Amino acid sequence: MSAVFALVDCNNFYASCERLFRPDLIGRPIVVLSNNDGCIVARSAEAKALGIKMGVPFHQIERYLRQQNVAVFSSNYALYADISARVMSILEQHAPRVEIYSIDEAFLDLTGVDAIVSLDTFGASIRQIVRQHTGIHVCVGMAPSKTLAKLANHAAKVYPATRGVVDLTDPVRQQRLLALMPVSEVWGVGPRLSKRLNAEGIQTALDLAAANPKTIRQQYSVVLERTVRELNGESCLSLEEMTPTKQQIICSRSFGQRITEYRQMHEAICSYTSRAAEKLRQERRTARRLSIFLRTNRFNTAEPQYMPAPGAELPIPTDDTRELVATAIKLLRACWKDGYRYMKAGVMLTDFHQPGTFQSDLFNTAGGNPRSQALMEVLDHINQSGHGQVFLAGQGMQRDWNMQRRYLSPAYTTRWQDIPVVR
DNA sequence: TCTGGGGTCCTAGGACCC
DNA sequence: TCTGGGGTCCTAGGACCC
């Protein structure tokens, strides 16, 4: 029995989520902006038809968007995460094994399913069920490897005649599609590799599939070699149902305005560290290494630049917000310089351990401090309850550096006072 | 004036050891 | 002028993904 993977991908996900609760926007172009309302990260079909490109800085096309009556939204991550969870739970009810690959995509293992029902029928029914239960439209691509399933999904999106479902298990069909796809559309081939491959005469996905894997490995990498094999229907990437534990946690943001005062940076670093510590506890890990980074605006070459990124090792791995914040602030004090206009800062945690397993020296108590653990549990409980916020004084009350979200929609599904009311 | 955030994997090169 | 070889570990940087 040969493997069959499906890739289910939500269409224009963020824009679709915004439209779910705004039926008045049906037919109107929608764009969603990145944090700080920086650039375009999602577009509805109508917005794509207007020629609006992904990743364009908002300020460059703001006038055009107004002229075209485009609805503009700041990222509402709470909303998207909630809708995503609903879509994923439906997929998990209908497929034996599911890998949630990103907020809007999942791989399914459909091996053996084609003995019971045709893949086209299965794909169409998944689409219909998700749409009926969530209002979200998805496309389904099916093939013997993940890389081919990705391409099949892409075809399902691009060609309306497919009705959103493409079964690419037939080798002849694979060849036909690969010949139509530029190599840059292949999963794992980014802009740099595309350029190099094009220069070598490899233009289409079919050209890459026809390349010698050994040669590709020598000239490029083992990763691209695997891609070549996957394009030939040899499955090298397996379905990963268990989310692997994180190797690092990063919390960083660009500021709403440039920061020039130490007080503001102190608040920001405290906040980011607290958030990172919260994520760490969710992962049930402790961290031994913490680093911070500050950045001036690298796009503005006329300004003096300063981008320190100091790190420190903790004596014992910890998940205690207070210890991590104290370490971060020590690093900040040492690297802070007045006279720069800072644009962004962040905190990174690495070198993770399982709580209580660290081999400590004679003078430290291994296994963590039970009082600290209890305190952190209470902190997380209150902050996740929706009833209030408890934070360290260092995080500040002014928060005048916080990011801009001028076009934020309500938290329709995750905050009581924002639930839509039908009159 | 205005250019996201959070991840992964691989490789090369330096430090260090015997 | 000569001044080994091989292994491990760590870090930085580059590439990719959504």
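A, B, ... follow the sequence lines: proteins, then strands. Residue 1 opens every chain. Nothing here was measured: the structure is a model prediction, and the numbers come from that model.
Comparing B:dC10, B:dG4, B:dT8 against the side chain of A:Val222 picks out B:dC10 as the nearest. For A:Ser252, counting side-chain heavy atoms from C-beta on, the closest listed nucleotide (B:dG5, B:dG7, B:dC2) is B:dG5.
Of the possible donor and acceptor atoms, one in the side chain of A:Gln264 sits under 3.5 Å from a partner among the backbone N and O of A:Glu261. The closest donor-acceptor contact from the side chain of A:Arg28 to the backbone of A:Asn69 lies under 3.5 Å. Checking side-chain atoms of A:Thr350 against main-chain N and O of A:Gln248 turns up no donor-acceptor pair under 3.5 Å. Using modelled atom types, one side-chain atom of A:Lys146 and one backbone atom of A:Ser238 make a donor-acceptor pair closer than 3.5 Å. Judged by distance alone, with hydrogens and angles left aside, the side-chain atoms of A:Ser84 form no donor-acceptor pair with the main-chain N or O of A:Tyr80 at under 3.5 Å.
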Pair A:Glu230-A:Lys150, salt bridge (charged side-chain N to carboxylate O under 4.0 Å, His left out): steps then yes or no: CA-CA 11 Å; A:Glu230 284 245 320; A:Lys150 270 266 187 188; over 6 Å; no

Step-by-step ring pair (Phe, Tyr, Trp, His ring centres under 6.0 Å) determination, A:Phe107 to A:Phe5: CA-CA 7 Å; A:Phe107 285 104; A:Phe5 294 93; 7.1 Å; no

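One can place CZ of A:Arg63 at 16 Å from C1' of B:dT1, the figure rounded to the nearest angstrom. Per the geometry, CE belonging to A:Met403 stands 16 Å off C1' belonging to B:dC2, to the nearest Å. Rounded to an integer number of Å, the gap from A:Arg295 CZ to B:dG6 C1' is 12 Å. Between A:Met343 atom CE and B:dG5 atom P there is a gap of 8 Å when expressed in whole angstrom units. To the nearest angstrom, P of B:dC2 lies 14 Å from CD of A:Glu62. The interatomic distance linking A:Asp37 (CG) with B:dC2 (C1') rounds to 10 Å, in whole Å. Between the CZ atom of A:Arg226 and the C1' atom of B:dT8 there is a distance of 11 Å, rounded to whole Å. Atom CD in A:Glu225 sits about 12 Å away from atom P in B:dC10, given to the nearest Å.
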Using nucleotides 12-18 of chain C, report all nitrogen or oxygen pairs with the protein that are shorter than 3.5 Å.
from   : atom 1 : to       : atom 2 : distance (Å)
C:dA15 : OP2    : A:Arg192 : NH1    : 2.8
C:dC16 : OP1    : A:Gly190 : N      : 3.1
C:dC16 : OP1    : A:Gly190 : O      : 3.2
C:dC16 : OP1    : A:Arg192 : N      : 3.3
C:dC16 : OP1    : A:Leu193 : N      : 2.8
C:dC16 : OP2    : A:Arg192 : N      : 3.4
C:dC17 : OP1    : A:Gly188 : N      : 2.9
C:dC17 : OP1    : A:Val189 : N      : 3.4
C:dC17 : O3'    : A:Trp187 : NE1    : 3.4
C:dC18 : OP1    : A:Lys150 : NZ     : 2.6
C:dC18 : O3'    : A:Ser102 : OG     : 2.8
C:dC18 : O3'    : A:Asp104 : OD1    : 3.3
C:dC18 : O3'    : A:Glu105 : OE2    : 3.3

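Looking at A:Ser34 and A:Asn36, their side chains never bring a donor and an acceptor atom within 3.5 Å of each other. A:Asp37 and A:Ser74 form a side-chain donor-acceptor contact under 3.5 Å, judged by distance and modelled atom types alone.
Along DNA chain B, the nucleotide nearest to A:Phe299 and the one nearest to A:Ser221 differ in position, and the one closer to the 5' end is contacted by A:Phe299. Nearer the 5' end of DNA chain B, as judged by each residue's closest nucleotide, is the contact made by A:Gln60, out of A:Gln60 and A:Arg253.
At the heavy-atom level, A:Gln247 lies under 4.0 Å from the strands shown only through sugar-phosphate atoms. Among the heavy atoms of the strands, none lies under 4.0 Å from A:Leu33. No engagement by A:Lys195 is indicated, since no non-hydrogen atom pair under 4.0 Å with the nucleic acid exists.
Applying a 4.0 Å cut-off to non-hydrogen atoms, the residues of residues 44-59 of chain A that approach DNA chain B are A:Pro57, A:His59, listed by residue number.
Counting heavy atoms from C-beta outward, A:Arg86 and A:His133 have side chains that stay 4.5 Å or more apart.
Atom name C1', nucleotides C:dG4 and B:dC16: the rounded distance is 16 Å, in whole Å.
With respect to A:Thr318, the side chain to side chain donor-acceptor pair (under 3.5 Å) criterion is satisfied by exactly one of A:Glu323, A:His353, A:Arg288: A:Glu323. No option in A:Met265, A:Gln404, A:Met403 other than A:Met265 meets the side-chain contact (heavy atoms from CB on, under 4.5 Å) test with A:Phe255.
Look at A:Lys344 and you'll find a side-chain N or O under 4.0 angstrom from OP1 or OP2 of B:dG5. Of the side-chain N and O atoms in A:Arg258, one or more sit less than 4.0 angstrom from OP1 or OP2 of B:dC2.
Heavy atoms only, all atoms of each residue included: A:Ile202 and A:Leu208 are closest at CG2-N, 3.6 Å.
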5'-to-3' dot-bracket of DNA chain C (Watson-Crick, G-U; under 3.5 angstrom; crossing pairs as [ ]; | other strand): ....||||||||||||||

